[in-house]
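Structure record follows, encoded as structure tokens.
The chains referred to below are lettered A, B, ... by the order of the sequence lines, with proteins before strands, and numbering in each begins at 1.
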Amino acid sequence: MEAKPTACDDTRIARFLRRELTDEEERLFELHLDTCETCSEKLDRSTAGPADWHEAAELLRDEPIDLEPLSVVLSDADSGEVARHVVDDSVRRVLELLHPTDDPQMLGRIAGYEVVGVIGSGGNGVVLKAHDSALNRYVAIKMLAPHLASSGAARGRFAREAVAAAAVMHENVIAIHGVQEHGGLPFLVMPYVRGTSLQKRIDQKGTLALLEILRIGMQAAAGLAAAHAQGLVHRDIKPANILLAGGVERVTITDFGLARAVDDASMTRSGIIAGTPQFMSPEQARGEAVDHRSDLFSLGSVLYAMCTGHPPFRADSSYGVLQRICQSTPRPIRQSNPDLPTWFCRLVDRLHQKDPQKRFQSAAEVADLLARCVAHVQQPLAQPLPNELCEKHGGVPVPHRRAWAVALVGGLAVAATSAVLWLGQGSQSDQSPRPDTSTPPAAANDDVRWNDDVDRLLRELNESVEELDKDTQQLFEEP
Amino acid sequence: MRVFLVGEEETVHEFPDTRNSLLLKLRDKGDCESWQQFVAVYRPVVYRMARRRGMQDADAQDLAQAVLVAVAESVDRWEADPRRARFRTWLSRVAKNAIIDAFRRRRPDAAIGGTTEVARLQQQPEPDDAELDREHRREVFRWAARQVRWEFAEETWLAFWLTAVEGRHVKEVAGQLGKSAGAVYIARSRVMRRLQEKIVELEE
């Protein structure tokens, strides 16, 4: 781009402020400002008086964190450029803080640990791989990003939350060896887990199989339950924070309790949170107080992502995502992945209730439910589908389609019972619409009011038939 | 019971009486908007003043809620005014009284006292006009910032924030964002201009 110098021109400043410059004129104006301090200052003064600039800084700058009402303002989740610059800067600043080491293989030393490399970095912090020579083991060291650590309150909170997280002892929650400080930056020492994150797994494989989804969900819920029992809310449950070691045999939730510390710090520093809002709960998105049930909503979004390969609430901007989380219902899972049974979609829907009261009320309950789902899918004959997941709570279990023979028998039995009940109700329900068996149950209208039992039985029958259809088809397709 | 009067997305919920009467009163769409802006600005004002006086989060939220409910209830009286003062102007006048009132009522008699919160409340001065104006102005700024923030690309907003609010050098920020100094000047001027327009819009 050739930089043709342009002359100082006050009318150009005025025209810029009136938004009258063409793109080309603006480009030249920008080039001019780059080298002309006089015009830069004039632009500042013409934009607002010194008192106004001062007032803006004064009023927008942070107050002590605990005076701050909760409000969530986010940067664009996928804004590549800015995030990258900030992140690179964080890594650089962290690495600069390391003490020199004698070992040429190492990047540096931090409080007795030899740093092997940088595992990753995000808006929130930098994760290093280091060797603990005293215990001869590798550890992961997570440091709060330097630009977040400038406030004493933020550092204090990071440390407090980390200590709280360290108290959670559970096989599905990452252990925390310790919390230390180096060069004024607090950092966490955790086991180095070799494995991949659920996010990477989803990126690579797209959707996961039902049994995998259930097993991962079950372990994540169990980990959450252990933390919730200590009064700790994760606040940032998302696939990137769920580690898979050894396939899906072992799930580890990371970053417990850190989200809160990081949110507060980054929000008050710059009004921005680097990171993705896609797995937030509606109450989080609105900036309201959250409790453990917020994590359950996020868990629902994680399950959804495993089912469909993408998060449930998507939009062009973070703000759009937040609005969707608060206002809209995600596209039904079976539209993206018809292989999944409706009972499983029902479980996700329950977690996705906007009103926390209407969700499952505890992670322990969800973990237990998912464990029973695993059992059911593995042994459909011996293990009935949990009652909670039948069409209406407490209804007759609908067998999984792999047990098609049982389903056939069950379906017929249900059909027989339904017919009897339905005939018995006939005179009272003349005006009730007859359920249309060609409509999938997910689309059935819940508002149809007639005898609950008949309604339920017919719907279950409908569902059984639907599943049977599919199984029969598969029978023919798979030689 | 906590009643939520939310500013932007929802209007009033778990509180049907107020919603109905309020929405009836606020048939005029402009007034509806005024009310929502009012809630968005005044809730944090009261909340912050309460926190500064040592109240816990939940208590401060309740107090903010009480003020909003009190104001909502007096919307009746507003329509009775034949000269029909501008709704917005009228609201802020009522709010001022409601806030001073609420804090005065929260100041407990020494006889009931005993907890730290009570002691702290007693030491705190009642809010006066100056504090209210200052807090209101602060919240108006923040409200405007939240509104216009989404109109700008991330880098533009960062350029404004880092230089104008955090007071960092233009050159340094330009380097960090990988932009020219000229672009940073342009970006921050744009944001500032928009911010001021938005504030005028709210206070007009």
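Between A:Glu30 and B:Arg190 there is no salt bridge, since no side-chain nitrogen of the basic residue lies less than 4.0 Å from a carboxylate oxygen of the acidic one.
Taking 4.5 Å as the limit, some side-chain heavy atom of B:Arg188 sits within range of a side-chain heavy atom of A:Asp44. Side chains of B:Arg138 and A:Glu58 form no contact here, defined as non-hydrogen atoms less than 4.5 Å apart. Residues A:Glu55 and B:Arg137 form a side-chain contact, since some pair of their non-hydrogen atoms from C-beta on lies under 4.5 Å apart.
Heavy atoms only, all atoms of each residue included: B:Ala164 and A:Trp53 are closest at CB-CZ3, 3.6 Å. For A:Thr47 against B:Gln196, the heavy-atom pair with the smallest separation is O-OE1, 3.1 Å.
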TODO: Just do the side-chain contact (heavy atoms from CB on, under 4.5 Å) check on A:Leu60 and B:Phe160 with the steps written out, would you?
DONE: CA-CA 12 Å; A:Leu60 294 176; B:Phe160 163 75; 4.3 Å; yes
Task: Evaluation steps, side-chain contact (heavy atoms from CB on, under 4.5 Å), between B:Arg142 and A:Leu59 - done: CA-CA 8 Å; B:Arg142 292 181 165 231; A:Leu59 295 182; 6.0 Å; no
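Taking CZ of B:Arg193 as the reference point, atom CG of A:Leu43 lies at 10.0 Å (rounded to 0.5 Å). Going from atom OH of B:Tyr185 over to atom CG of A:Asp34 covers 9.5 Å, rounded to the nearest 0.5 Å. In this structure, CD1 on B:Ile199 lies 8.5 Å from CG on A:Asp52, to the nearest 0.5 angstrom. Note that CG of A:Leu31 is 7.0 Å distant from OG of B:Ser180, once rounded to the nearest 0.5 Å.
For a residue to count as touching a neighbouring chain, one of its non-hydrogen atoms must lie under 4.5 Å from one of that chain's; by this rule A:Glu37 touches chain B with the side chain only.
Of the listed residues A:Ser46, A:Ser40, A:Ala48, the one with more heavy-atom pairs under 4.5 angstrom with chain B than any other is A:Ser40. Highest contact tally toward chain A, considering only B:Ala64, B:Gly167, B:Ala183, B:Ala144, is held by B:Ala183 [criterion: heavy-atom pairs under 4.5 Å].
The number of heavy atoms from other shown groups lying within 6.0 Å of CG (A:Asp355) is above 12.
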